[in-house]
Amino acid sequence: MTTEFTFTEQARHGSARICRGCWDQMHMPIPIGGPLALPFRALGITRSKMNPDICTICERSFQYVKKQRQITVDATILFADIRGFTDLSERIEAVRLSEIVSLFQDRCAQAIWAHDGIVNKQMGDGLMAIFNFPIIRKDHASAAIGAAREIQRNCAAALGGLTLDALPLGVGVGIHSGEVQIGEFSSFRSDFTAIGGVVNQAARLESQAAAGEILISAETAAKAPELAADAETRMLTLKGIEQPVQARVLVKR
Ligand SMILES: [Zn+2]
């Protein structure tokens with residue numbers, strides 16, 4: 001039993017002794033766990049809130065780490081939000097609402113970290129995650145799909161029982177893969193984000209996902225064919241795009 005417990009603990013995210021982002025990006029061992037991390041902590045270098053296996057150097061010193069204002073990265077972007085949240089927020093009390101939001105953000109983060117993604121932005125009832133930066137995952141499309149499935153499972157368990165117009169409260173997820181620009185794009189904020197058409201497309205897919213659905217683009221599906229094999233094909237008319245766009249809808253498992 002003891003061995004099993006230790007193994008589980010080590011397999012958990014947040015257990016990395018050195019920052020996996022700094023290692024993957026610079027081959028620099030920055031201690032973030034254990035006694036070696038103490039002097040770094042004194043300098044304000046700690047585990048990042050975007051993912052506990054990376055550090056605040058990754059998060060706030062993009063230019064220093066990459067020696068450039070921005071870089072182009074092949075990545076997978078995931079958006080998730082609570083469907084019907086605006087309606088809900090007008091009908092239930094603020095305390096209950098904030099409980100739902102914390103549950104959602106917490107369950108999503110656990111799922112994203114378990115697949116080496118980072119929670120780059122949190123927007124109340126929604127979030128944006130990046131896979132393949134700064135922790136490198138060649139299989140970033142599969143990692144994002146794995147995270148999305150876990151988000152749906154975790155949130156169904158956490159939000160299950162809550163209803164909106166007699167329908168269970170649920171989460172919609174959109175995923176798209178391709179080249180994104182990553183960098184610091186604001187003069188008053190020093191953390192990095194991703195921008196570009198791929199990011200916009202992921203957000204649009206998410207906006208079309210019904211509660212419980214995961215909509216992935218044809219590009220993401222092509223990078224993870226084994227995971228998209230049982231997916232239904234749906235044609236979507238997306239804002240700002242003339243031609244209908246093909247998306248794949250992942251079924252519950
Ligand atoms: Zn780091």
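For ligands, and for the atoms within them, numbers begin at 1 and follow the listed sequence.
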Sort by chain and number the protein N/O/S atoms that are closer than 2.8 Å to the Zn ion (ligand 1), and list them. Cys19 SG, Cys22 SG, Cys55 SG, Cys58 SG
How would you list, by chain and number, every residue that makes a side-chain contact (heavy atoms from CB on, under 4.5 Å) with Ala194, sequence neighbours excluded?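 Ala194 satisfies side-chain contact (heavy atoms from CB on, under 4.5 Å) with Ile77, Met128, Ile130, Val180, Ile182, Val199 only.
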Would you kindly say whether Thr233 and Gln246 are connected by a side-chain donor-acceptor distance under 3.5 Å? no
Ion pair check, Arg20 and Asp53, cut-off under 4.0 Å: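 The answer is yes: the pair qualifies as a salt bridge.
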Less than 4.0 angstrom from a charged side-chain N to a carboxylate O is my criterion; do Lys223 and Asp74 meet it? yes
Please find out if less than 6.0 Å separates the ring center of Phe192 from that of Phe185. no
Correct closest heavy-atom pair for His115 and Ala111 would be ND1-O, 3.0 Å
